[in-house]
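The structure appears right after this line, and notes come after that.
For this chain, numbers begin at 1 and follow the sequence in order. Heavy atoms only: backbone and side chains are in, while hydrogens, waters and symmetry mates are out.
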Amino acid sequence: MMFATAPFLAAMSAHSRGAFPVATGRCGGGAPFGGYHPCDLFAAMMMEHDSEFEAEDDKNKYSTRISVPGADANSTQVTKHDDGSFHVKVKSADGKRTIFDRRLQLPDDADPTSLRAAVVNGELHVAASKMAKPTPVTVPVSADVDNDDSNNDSNDNENDNKPYVLRKNVPGVAAEDVQVTVDDDVLRVEARRRGETSTSYKRTFAMPEDAERSGVSATCALGVLTVRIPKKPVPVPVAVPVSDTIPEAEQRHIHLAHLNVPGFKPSDATVEVTRGMLRIKLSKENGEKRERFASLPDSVKNHEHVHAAIANGVMAVWADNAAVREPAEMTVDVSSTPLALDDDWVMAAEGGDA
């Protein structure tokens, strides 16, 4: 079983060996572990919070099975969200007890729209097909001399938008003997020198997250191979006004930052939100400066609802509830017949016809 964390696996293992004795009554006997019955501990493990979707992985799909004895399709709820997570809640067929209740996260390459579920003979089967990988793109290699002076010194500055530059001396290699391919998040470069002493050069590079894959260009001239990878446009930072009043804690729904800033006033502060980061800059007239960064929670999407204030030497940054975008959800039909997970099912799921 692969939906579980290590403590849960240990509990399952102990349960299968009979380490949790069950006598008579609702869940059997007394409560030997500090006032808690082992079945209560087992149920609590079944209802841990967010977990990774750890599943059997094959070429086209992810699939996993969970033991839910006493449950059927009608007592099982599966809800998928547009953030790639899904919630599974399983009750016994008579509705008297909860067997499994957990929110799980699909792998990044899983297709949430293809999520399927079935409960057959007390076993929950959940599966999702993988998203089709982009077709590898061959980058034309020009024989023109690269006269662009922007070298990879710009790579050290994440704030500029100059391209990433890769250069390699390949004496004796012509442009037609170079192959550059963009394969999903990987850049592949192959160069071959023909002649009496034939040699080859092969390298792969992980593409930066901010790389504009569709704009990769390459030249090979005068024995120098140059590959340029443009960056995606830098998002415009959202400026956060800084006031002189910090609301009570219960009014600051999501706490983002709290700093001691004696001697600084609101006009000394600049707060910006960009790329999922919070940037705080403090600067006095006497030249004293401070700068801090903090990560924003993934749930904070509406940055215009982020606020900041400085009062009595303390700075607070927070977000209203309106800053949080709740993921849209959709109910997944739970079948009472086994899932047929062959290649035809995967193709149908991707096409939306199944």
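In this structure, the separation between CD on Gln179 and CZ on Arg188 is 10.5 Å, given to the nearest 0.5 Å. The distance from the CZ atom of Arg116 to the CG atom of Asp333 is 9.5 Å, given to the nearest 0.5 Å. Rounded to the nearest 0.5 angstrom, His81 NE2 and His87 NE2 are separated by 7.5 Å. The CG atom of Asp244 lies 10.0 Å from the CG atom of Asn312; values are rounded to the nearest 0.5 Å. With rounding to the nearest 0.5 Å, the separation of OG1 in Thr79 from CZ in Phe86 is 10.5 Å. Considering CZ of Arg228 and CZ of Arg167, their distance stands at 5.0 Å, rounded to 0.5 Å.
Pairing each heavy atom of Asp72 with each of Thr76, the nearest pair is O-OG1, 2.9 Å. In this structure, Pro230 and Gly215 approach most closely via the heavy-atom pair CD-O, 3.3 Å. The two atoms that bring Arg290 and Pro262 nearest to each other are NH2-CD, 4.4 Å, heavy atoms only. When all heavy atoms of Ala73 and Val119 are compared, the closest pair comes out as N-CB, 3.8 Å. The two residues Gly70 and Ile99 make their nearest non-hydrogen contact at C-CD1, 4.2 Å. Among all heavy-atom pairs drawn from Val90 and Ala71, the shortest one is CG1-CB, 3.3 Å.
Looking at Val314 and His258, their side chains come closer than 4.5 Å, going by heavy atoms from C-beta outward. Side chains of Thr274 and Arg279 form no contact here, defined as non-hydrogen atoms less than 4.5 Å apart. A heavy-atom distance below 4.5 Å is found between the side chains of Pro134 and Asp184. Using a 4.5 Å heavy-atom threshold, the side chains of Tyr201 and Lys168 count as touching. The shortest distance between side-chain heavy atoms of Ser63 and His125 falls below 4.5 Å. No side-chain heavy atom of Asp82 sits under 4.5 Å from any side-chain heavy atom of Pro112. Contact annotation: the side chain of Val189 never approaches that of Leu166 to less than 4.5 Å [non-hydrogen atoms, C-beta and beyond]. Using a 4.5 Å heavy-atom cutoff, the side chains of Ser243 and Pro241 are not in contact.
Under the 4.5 Å side-chain heavy-atom criterion for ILVMFWY residues, no single connected hydrophobic cluster contains both Phe264 and Ile246. Side-chain heavy atoms closer than 4.5 Å link hydrophobic residues (I, L, V, M, F, W, Y) into clusters, and following such links, possibly through other members, connects Val334 to Ile66. A continuous path of hydrophobic side-chain contacts links Val317 to Ile254 [ILVMFWY only; heavy atoms under 4.5 Å]. Hydrophobic clustering of Ile, Leu, Val, Met, Phe, Trp and Tyr side chains at less than 4.5 Å, counting indirect connections, unites Val78 with Phe100. Tracing side-chain contacts under 4.5 Å through hydrophobic residues (I, L, V, M, F, W, Y), one never reaches Val165 starting from Val224; they form parts of separate clusters.
In this structure, Asp183 does not pair ionically with Lys133, as no charged nitrogen and carboxylate oxygen lie closer than 4.0 Å.
Shown here is Asn121, whose CG atom has no more than 12 heavy atoms of other residues, nucleotides or ligands within 6.0 Å. Within 6.0 Å of atom CD in Gln77, 12 or fewer heavy atoms from other residues, nucleotides or ligands are found, so the atom counts as exposed in its surroundings. Annotation: Lys91, atom NZ; neighbour count of heavy atoms from other residues, nucleotides and ligands within 6.0 Å does not exceed 12. Counting non-hydrogen atoms of neighbouring residues, nucleotides and ligands closer than 6.0 angstrom, the CE atom of Met277 exceeds 12 such neighbours. Within 6.0 Å of NZ in Lys284 there are more than 12 heavy atoms belonging to other residues, nucleotides or ligands. Around the CZ atom of Arg213, the shell of radius 6.0 Å holds more than 12 heavy atoms that belong to other residues, nucleotides or ligands.
The main-chain N or O of Ser114 is never found under 3.5 Å from a side-chain atom of Ser129 such that the two would form a donor-acceptor pair.
A side chain to side chain contact (heavy atoms under 4.5 Å, CB included) with Val271 is found for one member of Val238, Leu282, Val240, Leu256 and no other, namely Val240.
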Given Lys231 and Glu209, is the side chain to side chain contact (heavy atoms under 4.5 Å, CB included) satisfied, shown in steps? CA-CA 9 Å; Lys231 297 178 182 178; Glu209 288 186 4; over 6 Å; no
Pair Val178, Leu225 - check side chain to side chain contact (heavy atoms under 4.5 Å, CB included), show working. CA-CA 9 Å; Val178 179; Leu225 170 62; 3.8 Å; yes
Ser335/Thr337 under side chain to side chain donor-acceptor pair (under 3.5 Å): CA gap, chis, key distance, verdict: CA-CA 5 Å; Ser335 174; Thr337 58; 2.9 Å; yes
Determine, stepwise, if the pair Val273 / Val300 fulfils side chain to side chain contact (heavy atoms under 4.5 Å, CB included). CA-CA 11 Å; Val273 177; Val300 176; over 6 Å; no
Before giving the answer on side chain to side chain contact (heavy atoms under 4.5 Å, CB included), spell out for Leu115 and Leu106 the whole-Å C-alpha distance, their side-chain angles and the decisive distance to 0.1 Å. CA-CA 10 Å; Leu115 190 67; Leu106 286 166; 4.3 Å; yes
